[in-house]
Every structure is written in C-alpha cells, then in structure tokens.
> 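Below is one structure. I have some questions about it.
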Amino acid sequence: MTTRLPEAPVSDSGLRRLGGVLILGAVLSILDATIVSVGIGVMARDLDSSLPIVQWVASAYLLAASLTIPLSGWLADRFGGRQVWIAAVGLFTLGTVLCGFAWSAPALIAFRVLHGLGGGLMQPVGQAIFAQAAGPRLGRMIGVVTLPATVAPVLGPMLGGALVQDLGWRWLFFGIVPFGVATLLLAVRVLPREEPAGTRDPLDVRGLLLLPPGLGALGYGLGEGSYAFAIVGAVLLIAYAWHARRAQAPLLDLKLFAHRAFTVASASTFLLGASLYSSMLLLPLYYQQIQHTSALAAGLLLAPQALGSAVVLIAGGKLLERFGSRTVMLAGIALSLVGTIAFTQLGDSPSPTLLTVSLLIRGFGLGATATPGMTMLYTSLERSQIPRAASAINVVNRIGGSLGTAILVAVLHAQPPGAAAFGTTFTWALGLSLLSFIPALFFPKGSRA
C-alpha cells in the first residue's frame with residue numbers, strides 16, 4: 001500500500017513546479033555530501049583536532065544517509081511522501097545550522113549525523129513523489145529528478161572552495177541554510193497534499209538491524225580500505241537477504257527483483273555506479289594532486305562535464321521518445337567511454353584542450369545513461385510499489401558506487417605516485433564501464449520505456 005495522491009492529475013506546469021522544488025532538495029542533499037571535503041584541513045586547525053578525526057565529518061554524513069535510505073519506502077507508505085519529505089528537509093536544515101555553530105570536532109560529527117539522517121531521505125522519497133505524480137509523463141520529464149545526481153557533485157568543490165577561501169569553513173553550512181529554509185517553505189506550498197495510506201505493515205525491526213548497518217559498514221569499509229568493516233557489512237547484507245525471503249513485510253522487498261524491467265534497470269544502475277560514476281572521484285584528485293590546482297580550480301575544470309550532463313538531461317525525455325531506451329543507453333555508455341579514453345593516457349601528458357573536450361563528451365554520456373533506467377524502472381511497476389522501489393534502487397546505486405570506488409582507489413594506491421597511476425586507474429574504469437553494456441542490451445528497443 002502507499003499514499004494516495006489527488007485524483008485530479010497534476011498539470012504539466014504543476015509537475016514542473018513540483019520538480020523544481022524536489023530538484024532543489026536533491027541538490028542540497030548531494031551538494032552537502034561533497035562540499036565539506038575542501039574544508040577538512042581548515043576545520044581540523046580551527047577546532048584544534050587531528051585530521052583523521054575531522055575526516056569523520058564527511059564519513060558521518062554518508063553513513064547516516066545509509067541508515068535512512070532503506071527506511072524511506074516504509075516511512076513514505078506509513079506517513080505519506082509529502083510529510084516525510086518535508087520532515088527530512090527540516091531535519092537537514094536544522095543539522096546544517098547546528099554544524100555551523102559546532103564548537104568541537106565531536107560536536108560537528110554528531111551534527112553531521114543529524115544532517116545525514118535528513119539528507120538520506122530526501123532523494124529516494126523525492127523520486128517516488130515525482131514518479132507517482134508524473135505517471136505516464138515520467139519519460140518526458142525524467143531529467144528533472146536525475147539532473148542533481150550529475151551536476152551537484154561538480155558544484156560541491158567549486159562552491160566549497162569559494163566559501164572556505166573567502167568566508168571560512170562555517171559558511172560551508174551557513175551558506176546552505178537560506179536554501180534549506182526556502183526549500184522547506186516551497187515544499188509546504190507546492191508538494192501535493194495527500195492522505196497517508198497508513199500501511200498496516202509493521203516496521204521490519206530485524207531488517208532495520210541488518211540492512212542499514214550492513215550498508216553503512218560496507219560503504220565505510222570499501223571507501224576507507226577497512227576490509228574488516230567491509231566483511232561485516234557483506235555478512236549483514238547476506239543475513240538480510242536470507243531474512244527478507246521469509247519476512248512477510250521486509251524493509252526492502254526483494255520480490256521487486258522478480259520484475260524483469262526492475263532487475264535490468266537495477267543491474268544497469270549497479271554497474272554504472274561501479275564504473276562511470278565512481279570514476280568521478282578520480283577527476284578532482286588528479287587535478288589537485290598532479291596539476292596542483294585548488295579545489296575551486298578543480299571544480300571549474302570539471303564544469304564541462306556538468307554542462308554536458310545538464311544539456312542531455314534537459315533533452316532526455318525527447319531523446320527517449322524519439323530513439324528508445326536501448327539506443328539512448330547504449331549511446332550514453334559509448335560516449336562516456338570515448339570521453340574517458342584521453343584520461344587513460346595521463347602519463348603522456350595530453351593537452352588540456354583534449355581533456356576539456358573529453359569531459360564535455362563524457363558529460364553527454366553520463367547524462368544519457370541517467371534517464372532510461374529510471375524511466376523503465378518506475379513505469380514498469382504499480383503505483384503503490386514506487387516508494388519501495390525508489391528505496392531499493394538508491395540502495396543498489398550506493399552499493400555499486402561504493403564497490404567501484406573501492407576498486408579504483410585500490411588500483412590507484414597500488415601504483416607509484418604520479419600521472420601514470422591515474423592513467424592506469426582510468427583504464428580500469430574503462431574496463432568496468434564495458435560491463436554496463438550487458439544490461440543495456442536488454443532495455444526495450446522502442447520509444448516506450
């Protein structure tokens with residue numbers, strides 16, 4: 001069961017307003033996960049703490065988000081997507097304010113946990129709200145909900161570098177507060193009112209004790225190279241899978257994978273997260289460590305990729321209608337591969353112009369791969385299944401991204417330091433990306449997603 005939206009369908013203009021509010025929330029959520037990385041060193045100095053401790057300021061947000069993403073589907077079913085999303089934005093904004101006033105590293109880390117609990121709910125619940133409101137028009141407007149995931153990670157270092165340089169690290173948080181408040185006010189006004197279905201399914205407490213901690217431990221273990229955490233996380237996820245097969249109302253319903261379209265879209269999301277999106281970590285590292293640019297300059301150098309993604313995402317619906325999901329997905333993967341080739345030759349010092357053009361092409365590809373899977377996933381399910389599906393697909397994406405990032409970081413650290421090491425690592429990323437062609441071949445041919 002799920003929430004019931006108004007019987008009258010949302011108009012196209014209303015859908016665009018709804019998408020605009022949800023975009024703002026998603027951008028804030030993703031932006032905040034990346035913006036603080038540029039201020040870690042300054043935070044450690046000002047708070048009189050060590051760098052390893054302050055590094056938890058970034059990790060705490062991601063781990064807290066891992067706890068709430070699997071819970072998002074049940075919460076939306078129980079209380080209504082509108083109520084959950086507004087509460088998540090409120091919690092996120094409160095955490096932002098508290099982070100800005102933090103007086104010590106432990107206090108800042110604690111407030112980042114609060115921050116992440118709200119941020120983790122915003123994206124999956126927002127996707128579900130938009131997919132349910134859009135209905136059959138989702139294919140035309142899918143770029144609305146996928147745009148933040150490709151643009152915000154690039155904006156983070158740019159905005160963070162400017163704020164730290166001119167105003168100090170506390171403005172990494174204070175600078176976001178007005179946007180959080182504005183998003184909250186707009187959400188109260190724009191999000192469609194609904195009557196919660198009040199699902200009678202009890203909260204899967206055993207699943208809650210297995211799945212979110214498993215995701216958090218796996219993500220942290222893979223990201224930090226702590227294999228003990230990764231193994232614990234994997235064991236907890238396996239235990240959850242065993243539990244979910246027998247539970248009457250599991251936290252994350254694995255029966256969704258019985259739908260062929262859902263399984264294909266999930267496999268595509270997992271592999272794209274493990275290959276194309278995880279390699280985005282390498283780009284700012286290369287510019288900062290090898291080219292010795294500032295975080296702000298590195299962000300500006302990555303702008304062509306964000307621009308390319310935005311252009312394709314805005315036109316994503318028309319591309320799907322004209323060429324079909326399979327063609328768009330295959331073309332997107334191919335463009336991403338072409339745009340990555342120059343970065344496999346970093347040991348030979350390719351020209352900056354070539355790298356800029358490659359990033360633009362890569363951006364086109366990333367934008368094209370973002371829309372077909374989401375469209376096929378949400379249009380293949382009953383409306384009542386969408387909140388749980390949004391939760392599941394975000395979990396799959398997080399696992400894929402964590403695994404791919406761990407592989408690429410391990411390859412990078414295994415090489416002698418230098419530009420050639422990044423070239424070798426991008427070659428691995430290129431190889432991983434080839435795997436994403438496999439599920440793409442099973443996407444539908446025609447314009448119907």
Side-chain angles (χ1 to χ4, degrees), residues 34 62 146 149-150 153-154 215 218-225 227 230 233-234 237 263-287 289 302 305 308-309 312 326 328-347 350 355 358-359 361-374 377 393-415 419-443:
T34 58
L62 298 175
T146 52
T150 54
V154 177
L215 287 173
L218 181 66
Y220 176 77
L222 292 176
E224 301 295 326
Y227 296 111
L237 292 180
T263 301
V264 171
S266 297
S268 176
T269 296
F270 177 84
L271 291 172
L272 288 172
S275 55
L276 298 178
Y277 294 109
S278 64
S279 63
M280 292 172 68
L281 170 74
L282 299 175
L283 294 168
L285 283 178
Y286 165 73
Y287 283 118
Q289 293 185 6
L302 294 178
Q305 179 173 283
S309 295
V312 175
R326 184 190 299 180
V328 173
M329 178 62 81
L330 292 173
I333 296 171
L335 285 171
S336 298
L337 292 173
V338 170
T340 305
I341 290 174
F343 289 91
T344 67
Q345 307 301 312
L346 291 175
L355 295 182
S358 295
L359 283 174
I361 295 173
R362 196 169 189 275
F364 290 151
L366 290 174
T369 60
T371 54
M374 286 293 182
L377 184 149
I393 203 66
N394 277 273
V395 167
V396 168
N397 181 262
R398 184 168 292 268
I399 294 174
S402 297
L403 181 61
T405 299
I407 292 172
L408 297 184
V409 168
V411 171
L412 180 63
H413 288 169
Q415 311 297 316
F422 281 90
T424 300
T425 308
F426 272 109
T427 301
W428 274 73
L430 202 66
L432 288 174
S433 299
L434 291 172
L435 296 175
S436 58
F437 274 114
I438 297 173
L441 294 173
F442 293 92
F443 277 60

> Determine whether Leu346 and Thr424 make a side-chain contact, defined as any pair of heavy atoms from C-beta on separated by less than 4.5 Å.
no
> Applying side chain to side chain contact (heavy atoms under 4.5 Å, CB included) to Leu432 and Leu408, what does each step give before you reach the verdict?
CA-CA 10 Å; Leu432 288 174; Leu408 297 184; 4.2 Å; yes
> Tell me the closest heavy-atom pair linking Ala342 and Pro350, and the distance in Å.
O-CG, 3.8 Å
> Determine the minimum heavy-atom distance between Ala368 and Val328, stating which atoms define it.
O-CG1, 3.5 Å
> If you round to the nearest 0.5 Å, how far is CG of Leu412 from CZ of Phe426?
9.5 Å
> Is the number of heavy atoms from other residues, nucleotides or ligands under 6.0 Å of Phe442 CZ greater than 12?
no
> For residues Leu359 and Leu283, determine if any side-chain heavy atom of one lies less than 4.5 Å from a side-chain heavy atom of the other.
yes
> Just to verify, what does Ser266 make a side chain to side chain donor-acceptor pair (under 3.5 Å) with, not counting sequence neighbours?
none
> Quick one: pull up CD1 in Ile361 and OG in Ser336 and give me the separation to the nearest 0.5 Å.
10.5 Å
> Measuring from Leu355:CG to Gln305:CD, what's the distance to the nearest 0.5 Å?
12.0 Å
> Parallel, tilted or perpendicular, judged at 30° and 60°: which one describes the rings of Tyr286 and Phe343?
perpendicular
> Can you check whether Phe270 reaches Pro439 side chain to side chain, under 4.5 Å on heavy atoms?
no
> So which atom in Met329 and which in Thr369 form the shortest heavy-atom distance, rounded to 0.1 Å?
CE-O, 3.5 Å
> Would you check if the side chain of Ser358 reaches a backbone N or O of Thr340 as a donor-acceptor pair within less than 3.5 Å?
no
> What pair of heavy atoms forms the shortest contact from Ser436 to Ile333, and how long is it?
O-CD1, 3.4 Å
> Work out which heavy atom in Leu218 is nearest to a heavy atom in Leu237; give both atom names and the distance.
CD2-CD1, 3.6 Å
> So which atom in Ser309 and which in Leu366 form the shortest heavy-atom distance, rounded to 0.1 Å?
OG-CB, 3.8 Å
